[in-house]
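What follows is one structure encoded as structure tokens, with my remarks underneath.
Keep in mind that this is a model prediction, so the values were computed, not measured. Here is how names work: the chains are called A, B, and so on, in the same order as the sequence lines, proteins then strands, and each is numbered from 1.
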Number of protein chains: 2
Amino acid sequence: MARARAVTIKDIAAAAGVSLGTASNALSDRPSVGADLKERVLEAAKQLGYRRNLVAANLRRNTPRTFGLCIPALDNPFFCDIMQNIVSIAERNGFDVLVLETREDGRDEAAKLETLYANRVRGVFMVPTATWSGSHDPETPLIVVDRIRPTEGLPSVALDNVGAVKLAVDYLYDLGHRDIWLVVNSRSIWNTNLRAEGFEAAALGKDGIRARVIEVGLTARETADQLNAELALARPTAILTASGIATLGTLRALQDARLAMPDDISLLGFDDAPWMDVLRPSISVVAQPIEEIAAQAWALMQAQIASEGNGRHVELDARIITRESTGPAPTR
Amino acid sequence: MARARAVTIKDIAAAAGVSLGTASNALSDRPSVGADLKERVLEAAKQLGYRRNLVAANLRRNTPRTFGLCIPALDNPFFCDIMQNIVSIAERNGFDVLVLETREDGRDEAAKLETLYANRVRGVFMVPTATWSGSHDPETPLIVVDRIRPTEGLPSVALDNVGAVKLAVDYLYDLGHRDIWLVVNSRSIWNTNLRAEGFEAAALGKDGIRARVIEVGLTARETADQLNAELALARPTAILTASGIATLGTLRALQDARLAMPDDISLLGFDDAPWMDVLRPSISVVAQPIEEIAAQAWALMQAQIASEGNGRHVELDARIITRESTGPAPTR
DNA sequence: TTGTAGGCGTTATCAC
DNA sequence: GTGATAACGCCTACAA
């Protein structure tokens with residue numbers, strides 16, 4: 001499709017009988033232009049169906065109205081939520097978002113970042129993979145989202161993972177649970193490992209609690225199978241999970257073991273999902289404040305662009321959504 | 001953050017001691033450049049950390065390496081899957097994609113489309129809202145995805161909705177079901193209405209079948225409540241749903257009514273989701289070929305760019321994923 | 001094979 | 001308040 005030449009500012013300047021500069025000023029709504037001329041220019045623009053060429057504009061002003069977003073997996077509901085919120089805020093502020101998927105691949109990630117830089121994005125929001133080298137363009141503001149890694153002090157925003165788990169343990173403890181398991185997919189993942197550490201730390205401070213971390217595979221199926229094996233040997237009164245996948249797998253294991261929630265056992269999931277609110281019993285969860293995470297990421301980006309608050313790290317609090325899967329500990 | 005001037009082609013030309021044109025040719029890997037010079041240029045580029053400015057390049061050649069994607073809702077797993085697949089294909093082909101969310105709002109949609117055009121995207125993939133005016137830039141290839149509307153012949157790709165439902169009805173009929181309901185959220189939505197029509201048509205051709213369309217509200221909760229009311233009065237042997245939301249709501253209703261799947265009743269959902277495979281019983285579904293939809297959308301886009309096959313419409317077949325929620329009709 | 005120069009559509013800086 | 005004119009960084013005839 002050979003694109004016809006689009007109508008440019010020059011065309012409308014000619015049509016309105018003004019100079020190119022004046023046309024530009026009028027179209028950009030700059031103060032220094034007479035009301036009558038402005039009218040004429042705008043009219044001509046509408047007549048000709050003028051559409052500002054943002055790529056030219058961006059080239060000229062060197063501050064594009066585009067942000068970049070690097071997400072590990074676009075088919076993951078949690079990341080989709082993050083994306084949805086960031087895109088939404090950006091749009092509200094008149095920015096576009098270039099979305100790239102890194103598929104949890106560190107090599108790829110570096111290439112994706114380069115692509116973003118080649119497009120001269122104004123800044124990058126990034127959920128880094130575990131293998132990210134950390135290398136980035138110091139000229140382009142970069143906000144790390146959700147996953148903080150023990151690296152150079154990049155500005156970042158994430159859940160207070162330790163606090164979240166502590167909240168969960170408190171909640172279960174107050175319901176009378178003394179025998180609690182944490183199901184975690186892999187302690188080699190930074191966030192879930194933090195949650196496991198938080199779990200152990202929280203348990204340490206409680207009287208008469210028997211807390212145990214069950215480390216399982218990365219899929220829901222593996223989680224279910226391995227948890228089933230554990231449940232054949234012993235049984236807690238409550239299970240807390242450290243991720244959405246773990247929640248799903250645990251749910252399956254409990255159904256396989258014909259344990260009723262919350263009468264036989266309480267289940268407190270991690271990360272909310274629409275179906276959790278609908279199923280019977282609906283699933284209580286530790287929910288991340290995704291909107292707030294996105295809002296803080298945006299705020300950090302603005303600060304970074306204004307070169308304030310370099311390297312600040314923001315941690316946000318989780319909240320517990322109480323539904324039907326959690327209840328008082330059974331008295332045995 | 002006042003961005004320092006980035007290193008340009010001019011800088012590396014100077015550093016390599018060649019002319020600007022040669023530098024450009026070398027960096028673009030054009031044939032007409034000596035091996036030694038090319039080497040020197042590439043070396044200089046690496047030394048200085050040169051990064052091609054794509055916005056300048058795009059401006060010059062007027063064929064950006066960016067596509068636009070308009071999606072109604074970024075928090076919907078089905079659309080996320082579509083997006084993931086399109087983004088993935090685009091990336092594989094060296095293109096970026098600008099993602100915009102229309103929130104099912106037709107006014108917004110027009111504005112979003114304008115944004116994309118302002119960025120001079122190479123083409124637009126779009127899942128249109130019900131209220132889309134259909135207006136678009138004839139110069140920019142537009143591929144309609146998932147939702148075909150009875151409009152001007154835009155190239156489009158979608159599920160064969162009628163065929164999908166026919167497949168589902170055949171499947172249930174063969175299992176012995178004669179009393180089948182279709183739960184559909186709203187017949188004012190084009191796709192789900194097609195599914196309802198397909199359901200009625202498919203049932204017409206079957207001996208001794210009693211088929212009924214239950215139209216419910218737009219949320220899973222409403223679906224559950226309204227279906228519960230219906231189930232109090234009568235009960236089919238199988239329920240087919242017309243969307244993911246409807247599936248979720250139906251599931252809740254069945255759990256509320258304490259109907260066991262598949263012994264009391266069979267449930268065949270629409271659109272697959274990870275949790276459906278994990279829960280007990282796992283949910284059988286009519287699944288859309290999302291990868292193929294994305295691949296076809298891409299192919300249509302390429303054809304459109306080459307100005308072939310204008311206005312072609314592609315329909316793809318659904319397939320049934322048999323899991324535990326469907327089984328032979330109970331003999332009463 | 002290499003260098004030169006014009007232009008893509010804007011914005012911004014000047015004179016007027 | 002308005003109008004030339006010079007960038008922005010790159011690509012690409014075309015000339016050398």
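Around the CD atom of B/Glu43, the shell of radius 6.0 Å holds more than 12 heavy atoms that belong to other residues, nucleotides or ligands. Atom CZ of A/Arg107 has 12 or fewer neighbouring heavy atoms from other residues, nucleotides or ligands inside a 6.0 Å radius. For A/Glu114, the CD atom is densely surrounded, since the number of other residues' heavy atoms within 6.0 Å is greater than 12.
Axis angle, first five pairs versus last five pairs of the helix from C/dT1-D/dA16 to C/dC16-D/dG1: 40°, rounded to 10°.
Counting only N and O atoms by type, the side chains of A/Glu104 and A/Thr129 include no donor and acceptor under 3.5 Å apart.
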_Evaluation steps, side-chain hydrogen bond (donor to acceptor under 3.5 Å, both in side chains), between A/Thr63 and A/Arg61_ = CA-CA 5 Å; A/Thr63 58; A/Arg61 30 178 160 77; 4.5 Å; no

*Using a 4.0 Å heavy-atom cut-off, write out nucleotides 6-16 of chain D from 5' to 3' as B (base contacted by protein), S (sugar-phosphate only) or - (no contact).*
BBBBBBB----

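Residue contacts for A/Val55: at a heavy-atom cut-off of 4.0 Å it reaches no nucleic acid atom on any strand shown.
Scanning all heavy atoms of the two residues, the minimum distance from A/Met83 to A/Leu69 falls at CG-CD2, 3.6 Å. Nearest heavy-atom pair across A/Asp271 and A/Gln288 is OD1-NE2, 3.0 Å. In terms of heavy atoms, B/Arg147 sits closest to B/Asn191 at CG-ND2, 3.9 Å.
Between B/Glu91 and A/Lys112, at least one side-chain nitrogen of the basic residue sits less than 4.0 Å from a carboxylate oxygen of the acidic one, meeting the salt-bridge criterion.
Extent of DNA chain C lying under 4.0 Å from chain B heavy atoms, first and last nucleotide in 5' to 3' order, is C/dT1 to C/dG9.
By the salt bridge (Lys or Arg N to Asp or Glu O under 4.0 Å) test, B/Glu292 pairs with no residue at all, sequence neighbours left out.
Note on residues 33-76 of chain A: pairs passing ring pair (Phe, Tyr, Trp, His ring centres under 6.0 Å), not counting sequence neighbours, are A/Phe67-A/Phe95, A/Phe67-A/Phe125, A/Phe67-A/Trp298.
Interface residues of residues 33-43 of chain A facing DNA chain C, ordered by number: none; criterion, heavy-atom separation under 4.0 Å.
Across A/Asn76, A/Asp75, A/Val99, a single residue satisfies side chain to side chain contact (heavy atoms under 4.5 Å, CB included) together with B/Gln84, and that is A/Asp75.
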